[in-house]
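Data block below; observations after.
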Amino acid sequence: MDSQRGDAAVSGDTRSASGMKRILILGGTTEARLIAERLSDRADLAVTLSLAGRTAAPAALPVPVRIGGFGGPAGLAAALTAQAIDVLIDATHPYAARISANAVAAAALAEVPLIALDRPAWQPVAGDRWIEVPDIPAAVAALGETPRRAFLALGRQELAPFAAAPAHFYLIRSVDPVEPAPALPNAVFLTGRGPFDEARERELLAQHRIDIVVAKNSGGTATYGKIAAARRRGVPVVMVRRPAAPRTALAGVDEVMARLDHELASAAARGV
Ligand code: NAP
């Protein structure tokens, strides 16, 4: 595991002597950053944010950041214990199912309260032409045999299956360059970091004569522009359904704040 700063284990004794509670946020999302911002000036808390390390230059964060996997549920549980974490907050992306399942298992193993957040999914509205599919291979199949001009609004790791359908034109946008590029003979690669507004997304779809969009149902506003743009242009969206969530989750940052205060108050009442 690679570490930026703040990954040193702090013993439970040190923590309880200072009266500070230690919070670990599993991040990689806007909400995780917002939670970190809301907690960063709390004198009663020592907050660390964890990133998987997928993005070369992650956005600046106001709390210590550690980067890289923990080594499965047992590794995460060991980190929770070693760092005397009092509350684990899973604010990872709704499609990051593995780390969320690991968080459930690790919190149980280490006996640490877990607070989970998933932003609500988008719902289709009048004019939307969504084709809902269970996974990426099904999204490839949904493009059909006739050559299409597809905008793939997906992660870099999700592009390989499209090599099975090389007849289509692909417009591919990612935060970091896609390296190595997938074997797609007819593709244009863009880099860009959201938020992406509807007007700009409409221009992009028009410029590349996009006639189908492939997207995940990420929820939130930052990446909704392409969905609204597709609706406005009458373009269908192949929408990859969310993976099953391994736990119930709160819908917003305010709810997480309230639950955290509740967890801390009940721990104080128990004298821990
Ligand atoms: P994933 O499939 O659920 O996780 C794969 C492995 O990556 C996990 O088992 C874990 O390794 C490590 N990992 C994931 N998130 C981590 C975190 N916050 N801190 C430390 N290790 C982490 O996750 P993913 O879909 O690849 O997503 C990776 C990251 O990108 C997450 O932080 C997620 O919030 C963010 N993200 C994902 C998407 C998406 O569409 N999937 C979109 C935007 C942002 P170990 O088992 O070794 O601990």
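Numbering of ligands and ligand atoms starts at 1, following listing order.
Looking at Arg242 against ligand 1, nothing comes within 4.0 Å, counting heavy atoms. Contacts between Arg54 and ligand 1, counted as non-hydrogen atom pairs separated by less than 4.0 Å, involve the side chain only. By the criterion of a heavy-atom distance under 4.0 Å, neither the backbone nor the side chain of Pro73 is placed next to ligand 1. Looking at Leu51 against ligand 1, only its backbone comes within 4.0 Å, counting heavy atoms. By the criterion of a heavy-atom distance under 4.0 Å, neither the backbone nor the side chain of Gln157 is placed next to ligand 1.
From the protein, the heavy atom lying nearest to atom 38 (C) of ligand 1 is His93 CG, 3.4 Å. For atom 47 (O) of ligand 1, the closest heavy atom belonging to the protein is Gly71 N, 2.8 Å. Atom 1 (P) of ligand 1 has its closest protein heavy atom at Arg98 CB, 3.8 Å. The protein atom (non-hydrogen) at minimum distance from atom 44 (C) of ligand 1 is Gly28 O, 3.2 Å. In terms of protein heavy-atom proximity, atom 18 (N) of ligand 1 is nearest to Ser50 O, 3.1 Å. Here the protein heavy atom with the shortest distance to atom 29 (C) of ligand 1 is Ala52 CB, 3.8 Å.
The ring pair (Phe, Tyr, Trp, His ring centres under 6.0 Å) pairs that include a residue from residues 104-137 are Trp122-Tyr224, where partners are two or more places apart or lie in different chains.
Residues satisfying the side-chain hydrogen bond (donor to acceptor under 3.5 Å, both in side chains) criterion with Asn102, sequence neighbours excluded, are absent altogether.
A pairwise comparison of heavy atoms in Leu45 and Leu39 identifies CD1-CD2, 3.8 Å as the closest pair. Of all heavy-atom pairs between Pro166 and Ala163, the closest is CD-O, 3.6 Å. What you find for His93 and Ser218 is that their closest heavy atoms are NE2-OG, 3.3 Å.
Between Ala97 and ligand 1 there is a heavy-atom distance shorter than 4.0 Å.
Remark: ligand 1 atoms within the under-4.0 Å shell around heavy atoms of Tyr95 are 25 (O), 39 (C), 40 (O), 41 (N).
Checking Ser50 against Arg66 by side-chain atom types alone, a donor-acceptor pair falls below 3.5 Å.
Residue Arg200 places its CZ atom among 12 or fewer non-hydrogen atoms of other residues, nucleotides or ligands, all under 6.0 Å distant.
Distances from atom 46 (O) of ligand 1 to the heavy atoms of Ala79, Ala96, Gly72, Ala32 put Gly72 nearest. Between Thr223, Leu24, Ile99, Leu76, it is Ile99 that holds the heavy atom closest to atom 8 (C) of ligand 1. Considering only non-hydrogen atoms, atom 40 (O) of ligand 1 lies nearest to Lys216 out of Glu158, Glu31, Lys216, Arg66.
Because its NZ or CZ atom is not both nearer than 6.0 Å to the ring centre of Tyr170 and within 45° of the ring axis, Arg148 does not count as a cation-pi partner of that residue.
When atom types are taken as modelled, the side chain of Asp128 and the backbone of Arg231 share no donor-acceptor pair closer than 3.5 angstrom.
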